[in-house]
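See below for the structure under consideration.
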Amino acid sequence: MDALYSALEPKLRERGQWELFEEIELPLCRCLAEMELAGCRVDSKALSDFGGLLSRRAEELESDIYRLADGEFNINSPKQLGEVLFDRLGLSHGKKTKTGWSTNADVLEKLRGEHPVADAVLEYRQLTKLKSTYADGLLKALDPDGRVRTSFQMTVTATGRLSSTEPNLQNIPTRTDLGSEIRRMFVPEAGNVLVDADYSQIELRLLAHISGDEGMRAAFLSGGDFHAETASRVFGVERKDVTHEMRRRAKAVNFGIVYGISAFSLSQDIGTTQKEAKAYMDAYFATFPGVRAYMDRVVEQARTDGYVETLYHRRRDLPELSSSNFNLRSFGERVALNMPIQGTAADVMKLAMIAVWKRLKAELTQARLVLQVHDELIVECPAADAEKASTLLKEEMEGVAQLSVPLTADAHWGKNWLEAKG
DNA sequence: GCATGATCC
DNA sequence: GGTCGTGATCATGCA
(Lines give C-alpha, C1' and ligand atoms only; values in the text may rest on other atoms or scores of the structure.)
Protein backbone atom coordinates (compact mmCIF):
# COMPACT_ATOMS: atom_id res chain seq x y z
CA MET A 1 0.00 0.00 0.00
CA ASP A 2 2.75 2.41 1.04
CA ALA A 3 4.71 1.57 -2.07
CA LEU A 4 1.66 2.17 -4.25
CA TYR A 5 0.88 5.47 -2.56
CA SER A 6 4.41 6.77 -2.92
CA ALA A 7 4.47 5.74 -6.55
CA LEU A 8 1.02 6.99 -7.52
CA GLU A 9 0.39 10.02 -5.32
CA PRO A 10 2.97 12.25 -7.07
CA LYS A 11 1.57 11.22 -10.44
CA LEU A 12 -1.96 12.17 -9.41
CA ARG A 13 -0.75 15.44 -7.87
CA GLU A 14 1.12 16.31 -11.05
CA ARG A 15 -2.09 15.94 -13.01
CA GLY A 16 -4.10 17.87 -10.43
CA GLN A 17 -6.11 14.74 -9.64
CA TRP A 18 -5.24 14.08 -6.01
CA GLU A 19 -8.46 15.61 -4.73
CA LEU A 20 -10.49 13.68 -7.31
CA PHE A 21 -8.99 10.51 -5.88
CA GLU A 22 -9.15 11.38 -2.17
CA GLU A 23 -12.44 13.24 -2.06
CA ILE A 24 -14.47 11.44 -4.70
CA GLU A 25 -13.31 8.05 -5.97
CA LEU A 26 -11.92 6.63 -2.73
CA PRO A 27 -14.79 7.53 -0.37
CA LEU A 28 -17.28 6.42 -3.02
CA CYS A 29 -15.91 2.86 -2.85
CA ARG A 30 -17.41 2.17 0.58
CA CYS A 31 -20.70 3.79 -0.42
CA LEU A 32 -20.96 1.57 -3.50
CA ALA A 33 -19.95 -1.53 -1.56
CA GLU A 34 -22.80 -0.94 0.87
CA MET A 35 -25.26 -0.34 -1.98
CA GLU A 36 -24.19 -3.58 -3.67
CA LEU A 37 -24.58 -5.45 -0.41
CA ALA A 38 -27.99 -3.93 0.35
CA GLY A 39 -29.49 -4.67 -3.06
CA CYS A 40 -33.10 -3.97 -3.90
CA ARG A 41 -36.11 -6.16 -3.16
CA VAL A 42 -38.06 -7.41 -6.16
CA ASP A 43 -41.62 -8.74 -6.13
CA SER A 44 -40.85 -12.09 -7.75
CA LYS A 45 -44.48 -13.20 -7.96
CA ALA A 46 -45.51 -10.03 -9.82
CA LEU A 47 -42.46 -10.31 -12.04
CA SER A 48 -43.15 -13.89 -13.02
CA ASP A 49 -46.86 -13.13 -13.61
CA PHE A 50 -45.83 -10.22 -15.81
CA GLY A 51 -43.44 -12.52 -17.68
CA GLY A 52 -46.35 -14.88 -18.36
CA LEU A 53 -48.47 -12.04 -19.70
CA LEU A 54 -45.63 -10.95 -21.97
CA SER A 55 -45.19 -14.51 -23.29
CA ARG A 56 -48.86 -14.90 -24.11
CA ARG A 57 -49.03 -11.59 -25.94
CA ALA A 58 -45.80 -12.30 -27.80
CA GLU A 59 -47.19 -15.67 -28.95
CA GLU A 60 -50.30 -13.99 -30.32
CA LEU A 61 -48.17 -11.51 -32.20
CA GLU A 62 -45.99 -14.30 -33.48
CA SER A 63 -48.94 -15.97 -35.21
CA ASP A 64 -50.18 -12.58 -36.45
CA ILE A 65 -46.79 -11.97 -38.03
CA TYR A 66 -46.67 -15.43 -39.69
CA ARG A 67 -50.17 -14.82 -41.09
CA LEU A 68 -49.30 -11.31 -42.33
CA ALA A 69 -46.01 -12.47 -43.80
CA ASP A 70 -47.66 -15.58 -45.24
CA GLY A 71 -45.15 -18.00 -43.72
CA GLU A 72 -43.12 -18.94 -40.66
CA PHE A 73 -39.59 -17.73 -39.99
CA ASN A 74 -37.42 -16.70 -37.03
CA ILE A 75 -38.62 -13.19 -36.18
CA ASN A 76 -35.66 -12.78 -33.84
CA SER A 77 -33.23 -13.08 -36.73
CA PRO A 78 -32.74 -9.66 -38.36
CA LYS A 79 -31.41 -11.48 -41.42
CA GLN A 80 -34.55 -13.62 -41.90
CA LEU A 81 -36.82 -10.69 -41.04
CA GLY A 82 -35.09 -8.51 -43.63
CA GLU A 83 -35.55 -11.20 -46.29
CA VAL A 84 -39.26 -11.44 -45.50
CA LEU A 85 -39.89 -7.69 -45.39
CA PHE A 86 -37.76 -6.49 -48.26
CA ASP A 87 -37.32 -9.45 -50.62
CA ARG A 88 -40.55 -11.39 -50.24
CA LEU A 89 -43.02 -8.60 -49.35
CA GLY A 90 -41.13 -5.99 -51.36
CA LEU A 91 -41.40 -3.24 -48.73
CA SER A 92 -39.23 -0.16 -49.14
CA HIS A 93 -35.93 -0.43 -47.35
CA GLY A 94 -34.10 2.32 -45.49
CA LYS A 95 -30.48 2.26 -44.48
CA LYS A 96 -28.09 -0.63 -44.88
CA THR A 97 -26.18 -2.50 -42.22
CA LYS A 98 -22.97 -4.44 -42.81
CA THR A 99 -24.97 -7.55 -43.56
CA GLY A 100 -28.16 -6.36 -45.23
CA TRP A 101 -31.07 -3.93 -44.90
CA SER A 102 -31.66 -2.62 -41.43
CA THR A 103 -34.80 -3.77 -39.63
CA ASN A 104 -34.40 -1.51 -36.61
CA ALA A 105 -37.21 0.45 -34.93
CA ASP A 106 -36.63 3.61 -37.03
CA VAL A 107 -37.05 1.64 -40.24
CA LEU A 108 -40.08 -0.31 -39.01
CA GLU A 109 -41.82 2.87 -37.90
CA LYS A 110 -41.51 4.30 -41.41
CA LEU A 111 -43.06 1.08 -42.75
CA ARG A 112 -46.12 1.37 -40.52
CA GLY A 113 -48.30 2.91 -43.21
CA GLU A 114 -47.05 0.47 -45.82
CA HIS A 115 -47.77 -2.90 -44.24
CA PRO A 116 -49.40 -3.98 -40.95
CA VAL A 117 -46.60 -6.47 -40.27
CA ALA A 118 -44.25 -3.61 -39.34
CA ASP A 119 -46.33 -2.63 -36.34
CA ALA A 120 -46.67 -6.24 -35.24
CA VAL A 121 -42.90 -6.74 -35.35
CA LEU A 122 -42.30 -3.54 -33.36
CA GLU A 123 -44.66 -4.72 -30.67
CA TYR A 124 -43.24 -8.24 -30.76
CA ARG A 125 -39.74 -6.84 -30.22
CA GLN A 126 -40.87 -4.70 -27.29
CA LEU A 127 -42.54 -7.68 -25.60
CA THR A 128 -39.68 -10.14 -26.13
CA LYS A 129 -37.14 -7.57 -24.91
CA LEU A 130 -39.15 -7.01 -21.73
CA LYS A 131 -39.54 -10.75 -21.25
CA SER A 132 -35.97 -11.89 -21.85
CA THR A 133 -33.88 -9.06 -20.45
CA TYR A 134 -36.09 -7.86 -17.61
CA ALA A 135 -38.72 -10.40 -16.52
CA ASP A 136 -36.55 -13.52 -16.99
CA GLY A 137 -33.26 -11.67 -16.46
CA LEU A 138 -34.19 -10.24 -13.08
CA LEU A 139 -35.71 -13.49 -11.86
CA LYS A 140 -32.48 -15.28 -12.77
CA ALA A 141 -30.48 -12.71 -10.80
CA LEU A 142 -32.65 -12.87 -7.71
CA ASP A 143 -30.86 -13.81 -4.48
CA PRO A 144 -32.52 -16.22 -2.00
CA ASP A 145 -33.59 -13.29 0.21
CA GLY A 146 -35.67 -11.84 -2.62
CA ARG A 147 -33.28 -9.01 -3.44
CA VAL A 148 -31.28 -8.31 -6.59
CA ARG A 149 -27.71 -7.15 -6.15
CA THR A 150 -25.98 -5.41 -9.00
CA SER A 151 -22.30 -4.75 -9.37
CA PHE A 152 -21.34 -1.11 -9.85
CA GLN A 153 -18.19 -0.52 -11.89
CA MET A 154 -16.11 2.61 -11.27
CA THR A 155 -13.46 2.04 -13.90
CA VAL A 156 -15.36 1.18 -17.04
CA THR A 157 -16.69 4.35 -18.65
CA ALA A 158 -14.56 6.98 -20.36
CA THR A 159 -16.48 9.87 -18.82
CA GLY A 160 -16.53 8.95 -15.12
CA ARG A 161 -20.04 7.60 -14.99
CA LEU A 162 -20.69 4.38 -13.13
CA SER A 163 -21.84 1.30 -14.95
CA SER A 164 -23.93 -1.55 -13.59
CA THR A 165 -23.75 -5.25 -14.47
CA GLU A 166 -25.19 -8.65 -13.58
CA PRO A 167 -27.86 -7.41 -13.62
CA ASN A 168 -27.68 -3.94 -15.11
CA LEU A 169 -30.06 -1.93 -12.93
CA GLN A 170 -29.30 1.32 -14.76
CA ASN A 171 -31.40 0.49 -17.82
CA ILE A 172 -34.68 -0.62 -16.28
CA PRO A 173 -37.46 0.57 -18.65
CA THR A 174 -39.22 3.87 -18.08
CA ARG A 175 -40.26 5.22 -21.47
CA THR A 176 -43.35 3.16 -22.26
CA ASP A 177 -46.25 2.30 -19.97
CA LEU A 178 -45.76 -1.44 -20.43
CA GLY A 179 -42.02 -1.22 -19.82
CA SER A 180 -42.32 0.92 -16.73
CA GLU A 181 -44.41 -1.86 -15.15
CA ILE A 182 -41.04 -3.48 -14.42
CA ARG A 183 -40.28 -0.57 -12.07
CA ARG A 184 -43.45 -1.35 -10.16
CA MET A 185 -41.83 -4.66 -9.18
CA PHE A 186 -38.91 -2.98 -7.40
CA VAL A 187 -40.32 -2.72 -3.89
CA PRO A 188 -39.12 -1.95 -0.34
CA GLU A 189 -39.23 -4.30 2.67
CA ALA A 190 -42.51 -4.31 4.58
CA GLY A 191 -42.91 -1.03 6.46
CA ASN A 192 -40.38 0.73 4.20
CA VAL A 193 -40.70 3.04 1.21
CA LEU A 194 -38.49 3.88 -1.73
CA VAL A 195 -37.44 7.51 -2.06
CA ASP A 196 -36.34 8.64 -5.51
CA ALA A 197 -34.52 11.92 -6.12
CA ASP A 198 -33.34 13.12 -9.52
CA TYR A 199 -31.40 16.11 -10.77
CA SER A 200 -33.36 18.33 -13.12
CA GLN A 201 -31.46 19.06 -16.37
CA ILE A 202 -28.09 18.63 -14.72
CA GLU A 203 -26.12 18.43 -17.96
CA LEU A 204 -27.66 21.57 -19.46
CA ARG A 205 -27.13 23.42 -16.17
CA LEU A 206 -23.49 22.41 -16.28
CA LEU A 207 -23.28 23.59 -19.88
CA ALA A 208 -24.70 26.95 -18.77
CA HIS A 209 -22.18 27.12 -15.93
CA ILE A 210 -19.13 25.93 -17.84
CA SER A 211 -19.83 28.00 -20.97
CA GLY A 212 -20.90 31.02 -18.90
CA ASP A 213 -23.53 31.87 -21.51
CA GLU A 214 -25.59 34.68 -20.00
CA GLY A 215 -28.83 33.87 -21.80
CA MET A 216 -28.73 30.22 -20.84
CA ARG A 217 -27.87 31.10 -17.25
CA ALA A 218 -30.76 33.59 -17.18
CA ALA A 219 -33.12 30.89 -18.48
CA PHE A 220 -32.16 28.64 -15.56
CA LEU A 221 -32.19 31.47 -13.02
CA SER A 222 -35.76 32.34 -14.07
CA GLY A 223 -36.72 28.95 -12.66
CA GLY A 224 -39.27 28.08 -15.37
CA ASP A 225 -39.53 25.24 -17.87
CA PHE A 226 -36.10 25.33 -19.52
CA HIS A 227 -37.12 23.79 -22.86
CA ALA A 228 -39.99 26.25 -23.15
CA GLU A 229 -37.66 29.12 -22.21
CA THR A 230 -35.28 27.95 -24.93
CA ALA A 231 -38.12 27.78 -27.47
CA SER A 232 -39.25 31.28 -26.56
CA ARG A 233 -35.74 32.65 -27.11
CA VAL A 234 -34.86 30.61 -30.20
CA PHE A 235 -38.18 31.14 -32.00
CA GLY A 236 -38.45 34.75 -30.84
CA VAL A 237 -41.95 34.49 -29.36
CA GLU A 238 -43.40 35.37 -25.98
CA ARG A 239 -43.18 32.63 -23.40
CA LYS A 240 -46.99 32.22 -23.43
CA ASP A 241 -47.00 31.76 -27.21
CA VAL A 242 -44.65 28.77 -27.19
CA THR A 243 -46.48 25.84 -28.78
CA HIS A 244 -46.09 22.18 -27.91
CA GLU A 245 -44.24 21.60 -31.19
CA MET A 246 -41.86 24.53 -30.61
CA ARG A 247 -41.03 23.16 -27.18
CA ARG A 248 -40.50 19.66 -28.57
CA ARG A 249 -38.04 20.96 -31.14
CA ALA A 250 -36.20 23.17 -28.67
CA LYS A 251 -35.88 20.16 -26.38
CA ALA A 252 -34.37 18.08 -29.18
CA VAL A 253 -31.86 20.84 -29.94
CA ASN A 254 -30.93 21.19 -26.26
CA PHE A 255 -30.42 17.47 -26.05
CA GLY A 256 -28.38 17.33 -29.24
CA ILE A 257 -26.16 20.26 -28.30
CA VAL A 258 -24.83 18.36 -25.29
CA TYR A 259 -23.70 15.52 -27.58
CA GLY A 260 -22.24 17.64 -30.36
CA ILE A 261 -24.99 16.69 -32.76
CA SER A 262 -25.04 17.46 -36.50
CA ALA A 263 -27.86 19.08 -38.49
CA PHE A 264 -28.47 15.73 -40.16
CA SER A 265 -29.06 13.83 -36.93
CA LEU A 266 -31.19 16.60 -35.52
CA SER A 267 -33.39 16.55 -38.62
CA GLN A 268 -33.80 12.77 -38.20
CA ASP A 269 -34.68 13.29 -34.57
CA ILE A 270 -37.38 15.89 -35.00
CA GLY A 271 -38.55 14.85 -38.45
CA THR A 272 -37.70 17.93 -40.52
CA THR A 273 -35.42 18.70 -43.42
CA GLN A 274 -31.72 19.05 -42.82
CA LYS A 275 -32.00 22.68 -43.91
CA GLU A 276 -34.61 23.44 -41.28
CA ALA A 277 -32.58 21.66 -38.62
CA LYS A 278 -29.55 23.74 -39.54
CA ALA A 279 -31.67 26.88 -39.21
CA TYR A 280 -32.63 25.80 -35.68
CA MET A 281 -29.05 25.23 -34.73
CA ASP A 282 -28.01 28.61 -36.16
CA ALA A 283 -30.85 30.26 -34.25
CA TYR A 284 -29.77 28.39 -31.12
CA PHE A 285 -26.19 29.59 -31.37
CA ALA A 286 -27.36 33.14 -32.13
CA THR A 287 -29.49 32.96 -28.99
CA PHE A 288 -26.76 31.45 -26.85
CA PRO A 289 -23.51 32.78 -28.39
CA GLY A 290 -21.56 31.79 -25.30
CA VAL A 291 -22.36 28.13 -25.98
CA ARG A 292 -20.86 28.28 -29.46
CA ALA A 293 -17.80 30.11 -28.11
CA TYR A 294 -17.39 27.41 -25.47
CA MET A 295 -17.71 24.64 -28.04
CA ASP A 296 -15.02 26.23 -30.21
CA ARG A 297 -12.83 26.81 -27.17
CA VAL A 298 -13.06 23.31 -25.76
CA VAL A 299 -12.22 21.61 -29.06
CA GLU A 300 -9.28 23.97 -29.63
CA GLN A 301 -7.98 23.38 -26.11
CA ALA A 302 -8.37 19.62 -26.57
CA ARG A 303 -6.29 19.77 -29.76
CA THR A 304 -3.54 21.62 -27.89
CA ASP A 305 -3.56 19.42 -24.77
CA GLY A 306 -4.51 16.07 -26.27
CA TYR A 307 -7.16 15.64 -23.58
CA VAL A 308 -10.28 17.19 -22.04
CA GLU A 309 -11.22 17.32 -18.36
CA THR A 310 -14.14 17.91 -16.00
CA LEU A 311 -14.50 20.67 -13.39
CA TYR A 312 -13.00 18.20 -10.93
CA HIS A 313 -10.08 17.34 -13.26
CA ARG A 314 -11.22 13.94 -14.36
CA ARG A 315 -9.43 13.49 -17.66
CA ARG A 316 -10.05 11.79 -20.98
CA ASP A 317 -7.27 11.50 -23.53
CA LEU A 318 -8.28 12.34 -27.09
CA PRO A 319 -5.80 10.91 -29.61
CA GLU A 320 -8.70 10.88 -32.10
CA LEU A 321 -8.41 14.64 -32.57
CA SER A 322 -5.14 14.30 -34.47
CA SER A 323 -6.39 11.46 -36.69
CA SER A 324 -6.33 11.91 -40.46
CA ASN A 325 -9.60 9.95 -40.62
CA PHE A 326 -12.48 12.42 -40.86
CA ASN A 327 -14.96 10.23 -39.02
CA LEU A 328 -12.59 9.47 -36.18
CA ARG A 329 -11.66 13.14 -35.86
CA SER A 330 -15.32 14.18 -35.83
CA PHE A 331 -15.95 11.60 -33.14
CA GLY A 332 -13.10 13.12 -31.12
CA GLU A 333 -14.67 16.56 -31.44
CA ARG A 334 -18.04 15.33 -30.18
CA VAL A 335 -16.34 13.63 -27.27
CA ALA A 336 -14.43 16.83 -26.49
CA LEU A 337 -17.76 18.66 -26.31
CA ASN A 338 -19.60 16.03 -24.33
CA MET A 339 -17.10 14.56 -21.86
CA PRO A 340 -16.60 17.68 -19.71
CA ILE A 341 -20.38 17.99 -19.36
CA GLN A 342 -21.30 14.36 -18.83
CA GLY A 343 -18.19 13.79 -16.74
CA THR A 344 -18.79 16.77 -14.47
CA ALA A 345 -22.37 15.56 -13.96
CA ALA A 346 -20.89 12.22 -12.90
CA ASP A 347 -18.46 13.96 -10.51
CA VAL A 348 -21.28 16.01 -8.98
CA MET A 349 -23.44 12.93 -8.52
CA LYS A 350 -20.59 11.01 -6.88
CA LEU A 351 -20.01 13.89 -4.46
CA ALA A 352 -23.73 13.96 -3.70
CA MET A 353 -23.74 10.21 -3.03
CA ILE A 354 -20.91 10.56 -0.51
CA ALA A 355 -22.66 13.47 1.20
CA VAL A 356 -26.00 11.65 1.31
CA TRP A 357 -24.35 8.47 2.58
CA LYS A 358 -22.65 10.36 5.45
CA ARG A 359 -25.79 12.16 6.50
CA LEU A 360 -27.93 9.03 6.36
CA LYS A 361 -25.40 7.30 8.62
CA ALA A 362 -25.61 10.18 11.11
CA GLU A 363 -29.28 11.09 10.95
CA LEU A 364 -31.36 8.25 9.49
CA THR A 365 -29.67 5.06 10.55
CA GLN A 366 -32.44 2.85 9.15
CA ALA A 367 -32.19 4.37 5.68
CA ARG A 368 -29.84 3.15 2.96
CA LEU A 369 -28.88 4.07 -0.55
CA VAL A 370 -29.83 1.28 -2.93
CA LEU A 371 -29.45 2.50 -6.52
CA GLN A 372 -27.92 5.22 -8.68
CA VAL A 373 -28.98 5.82 -12.27
CA HIS A 374 -26.67 8.65 -13.40
CA ASP A 375 -28.84 11.59 -12.34
CA GLU A 376 -31.11 9.71 -9.95
CA LEU A 377 -30.63 8.26 -6.45
CA ILE A 378 -32.88 5.73 -4.75
CA VAL A 379 -33.00 5.30 -0.98
CA GLU A 380 -34.94 2.67 0.99
CA CYS A 381 -36.09 3.73 4.44
CA PRO A 382 -38.87 3.23 7.01
CA ALA A 383 -42.11 4.88 5.89
CA ALA A 384 -41.91 7.17 8.90
CA ASP A 385 -38.61 8.59 7.61
CA ALA A 386 -39.80 9.25 4.05
CA GLU A 387 -40.25 12.99 4.42
CA LYS A 388 -36.90 13.45 6.18
CA ALA A 389 -35.06 11.31 3.64
CA SER A 390 -36.61 13.25 0.75
CA THR A 391 -35.53 16.58 2.24
CA LEU A 392 -32.07 15.25 3.00
CA LEU A 393 -31.58 13.94 -0.55
CA LYS A 394 -32.76 17.19 -2.08
CA GLU A 395 -30.56 19.32 0.17
CA GLU A 396 -27.39 17.31 -0.37
CA MET A 397 -27.87 16.92 -4.12
CA GLU A 398 -28.57 20.62 -4.62
CA GLY A 399 -25.90 21.84 -2.20
CA VAL A 400 -23.00 19.70 -3.31
CA ALA A 401 -21.55 22.26 -5.74
CA GLN A 402 -21.75 26.03 -5.95
CA LEU A 403 -22.30 26.92 -9.57
CA SER A 404 -23.39 30.09 -11.36
CA VAL A 405 -26.80 28.47 -11.92
CA PRO A 406 -28.80 26.57 -9.31
CA LEU A 407 -28.73 22.78 -9.22
CA THR A 408 -32.20 21.44 -8.51
CA ALA A 409 -33.37 17.99 -7.51
CA ASP A 410 -36.88 16.61 -7.08
CA ALA A 411 -37.67 13.88 -4.59
CA HIS A 412 -40.71 11.62 -4.26
CA TRP A 413 -41.47 8.40 -2.45
CA GLY A 414 -43.78 5.44 -2.84
CA LYS A 415 -44.38 1.74 -2.36
CA ASN A 416 -42.40 0.86 -5.49
CA TRP A 417 -39.86 2.43 -7.83
CA LEU A 418 -42.48 3.54 -10.37
CA GLU A 419 -44.54 5.33 -7.73
CA ALA A 420 -41.44 6.88 -6.16
CA LYS A 421 -40.41 8.36 -9.49
CA GLY A 422 -43.34 10.72 -9.02
C1' DG B 1 -16.90 -13.60 -31.13
C1' DC B 2 -19.12 -10.29 -34.07
C1' DA B 3 -23.45 -8.07 -35.64
C1' DT B 4 -27.87 -6.36 -34.67
C1' DG B 5 -31.16 -4.34 -31.95
C1' DA B 6 -33.27 -3.48 -27.49
C1' DT B 7 -33.05 -0.76 -22.87
C1' DC B 8 -31.34 3.43 -19.95
C1' DC B 9 -29.15 8.48 -19.16
C1' DG C 1 -19.46 14.84 -51.39
C1' DG C 2 -19.88 11.70 -47.49
C1' DT C 3 -20.79 11.80 -42.95
C1' DC C 4 -23.90 12.27 -39.41
C1' DG C 5 -25.68 11.94 -30.96
C1' DT C 6 -22.25 11.07 -25.53
C1' DG C 7 -21.92 7.03 -22.31
C1' DA C 8 -23.26 2.08 -21.09
C1' DT C 9 -25.26 -3.66 -20.83
C1' DC C 10 -27.66 -7.58 -22.44
C1' DA C 11 -30.11 -11.10 -25.49
C1' DT C 12 -30.20 -13.35 -29.71
C1' DG C 13 -28.64 -15.19 -34.18
C1' DC C 14 -25.09 -16.97 -36.76
C1' DA C 15 -20.57 -18.02 -38.60
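As the structure is a computational prediction, the values presented were derived from the model and not from experiment. What's counted below: heavy atoms across the whole structure, side chains too, no hydrogens, waters or symmetry copies.
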Next on the checklist: Taking the P atom in each of dG5(B) and dC4(C), what is the distance between them to the nearest angstrom?
Outcome noted: 16 Å

Item to check | Atom-to-atom span, NZ of K129(A) to P of dG5(B) - whole angstrom | outcome: 13 Å

Item to check | Separation of dT6(C) P from E333(A) CD (nearest whole Å) | outcome: 12 Å

Next on the checklist: How many whole angstroms separate atom CD1 of I182(A) from atom C1' of dA6(B)?
Outcome noted: 13 Å

Next on the checklist: Check this one for me: any side-chain N or O of S102(A) less than 4.0 Å away from OP1 or OP2 of dG5(B)?
Outcome noted: yes

Checklist entry - With a 4.0 Å cut-off on heavy atoms, is R329(A) in touch with a base, just the backbone sugar-phosphate, or nothing at all? => result nothing

Checklist entry - Considering only dT3(C), dG7(C), dG5(B), which nucleotide approaches the side chain of T159(A) most closely? => result dG7(C)

Item to check | Closest-nucleotide ordering on DNA chain C, the 5'-leading residue of Q342(A) and F326(A) | outcome: F326(A)

Checklist entry - Nearest of dC10(C), dT6(C), dC14(C) to any side-chain atom of S77(A)? => result dC14(C)

Next on the checklist: From CG of L81(A) over to C1' of dT12(C), roughly how many Å is that when rounded to an integer?
Outcome noted: 13 Å

Next on the checklist: For a side chain to side chain contact (heavy atoms under 4.5 Å, CB included) check, start with the C-alpha distance between S390(A) and W413(A), then their side-chain angles and the critical distance, and finish with the verdict.
Outcome noted: CA-CA 8 Å; S390(A) 297; W413(A) 70 85; 3.1 Å; yes

Checklist entry - With a 4.0 Å cut-off on heavy atoms, is V156(A) in touch with a base, just the backbone sugar-phosphate, or nothing at all? => result sugar-phosphate

Item to check | Under-4.0 Å side-chain N/O to phosphate OP1/OP2 contact, T97(A) with dA3(B) | outcome: no

Checklist entry - Are the side chains of F186(A) and I378(A) in touch, meaning some heavy atoms are under 4.5 Å apart? => result no

Next on the checklist: Using only atom types and a distance under 3.5 Å, with no angle test, would you say the side chain of D143(A) pairs donor to acceptor with the backbone of G146(A)?
Outcome noted: no

Checklist entry - What nucleic acid atoms does S164(A) come within less than 4.0 Å of, heavy atoms only: base, sugar-phosphate, or nothing? => result sugar-phosphate

Item to check | Between dC2(B) (P) and K79(A) (NZ): distance, integer Å | outcome: 20 Å

Checklist entry - What does N74(A) touch in the nucleic acid at a heavy-atom separation under 4.0 angstrom: a base, only the sugar-phosphate, or nothing? => result sugar-phosphate

Checklist entry - Has R175(A) got a side-chain N or O lying under 4.0 Å from the OP1 or OP2 atom of dA6(B)? => result no

Next on the checklist: If you go through the side-chain atoms of N76(A), does one of them form a donor-acceptor pair with the base of dT12(C) closer than 3.5 Å?
Outcome noted: no

Checklist entry - How would you label the contact of N171(A) with the nucleic acid (heavy atoms, under 4.0 Å): base, sugar-phosphate, or nothing? => result base

Next on the checklist: Over 60° means perpendicular and under 30° means parallel, so tell me whether W18(A) and F21(A) are parallel, tilted or perpendicular.
Outcome noted: tilted

Checklist entry - So what does S330(A) touch, heavy atoms closer than 4.0 Å: a base, only the sugar-phosphate, or nothing? => result nothing

Item to check | Of the listed nucleotides dA6(B), dT4(B), dT9(C), the one nearest the side chain of S163(A) | outcome: dT9(C)

Next on the checklist: Once you apply a heavy-atom cut-off of 4.0 Å, does A105(A) come out as touching a base, just sugar-phosphate, or nothing?
Outcome noted: sugar-phosphate

Checklist entry - Checking all strands, does E166(A) fall into the base, sugar-phosphate, or nothing category for heavy-atom contacts under 4.0 angstrom? => result sugar-phosphate

Checklist entry - At under 4.0 Å between heavy atoms, what does Q80(A) touch on the DNA or RNA strands: base, sugar-phosphate, or nothing? => result sugar-phosphate

Next on the checklist: For F73(A) and Y66(A), take the angle between the two ring planes, folded into 0 to 90°, and tell me which bin it lands in: parallel under 30, tilted 30 to 60, perpendicular over 60.
Outcome noted: perpendicular

Checklist outcome for this item: note: K96(A), atom NZ; dT3(C), atom C1'; distance rounded to Å ~ 15 Å

Next on the checklist: Under the side-chain contact (heavy atoms from CB on, under 4.5 Å) test against L91(A), which residue among L111(A), V84(A), V107(A) passes?
Outcome noted: L111(A)

Checklist entry - In whole angstrom, what separates L371(A)'s CG from dC9(B)'s P? => result 13 Å

Checklist entry - Side chain of T157(A): nearest nucleotide among dG5(B), dA8(C), dC10(C)? => result dA8(C)

Checklist entry - Which of these nucleotides, dG5(B), dT3(C), dC8(B), is closest to any side-chain atom of N327(A)? => result dT3(C)

Checklist entry - When all nucleic acid strands are considered with a 4.0 Å heavy-atom cut-off, which category describes Y199(A): base, sugar-phosphate, or nothing? => result nothing

Checklist entry - Out of dA3(B), dG5(B), dT6(C), which nucleotide sits closest to the side chain of N104(A)? => result dG5(B)

Checklist entry - Can you check the I172(A) CD1 to dC9(B) P distance for me, whole Å? => result 11 Å

Checklist entry - With a 4.0 Å cut-off on heavy atoms, is A263(A) in touch with a base, just the backbone sugar-phosphate, or nothing at all? => result nothing

Next on the checklist: Ignoring hydrogens and geometry beyond distance, is the side chain of R161(A) in donor-acceptor contact with the base of dC9(B) at under 3.5 Å?
Outcome noted: yes

Checklist entry - Parallel under 30°, tilted from 30 to 60°, perpendicular over 60°: which one fits the rings of W101(A) and H93(A)? => result parallel

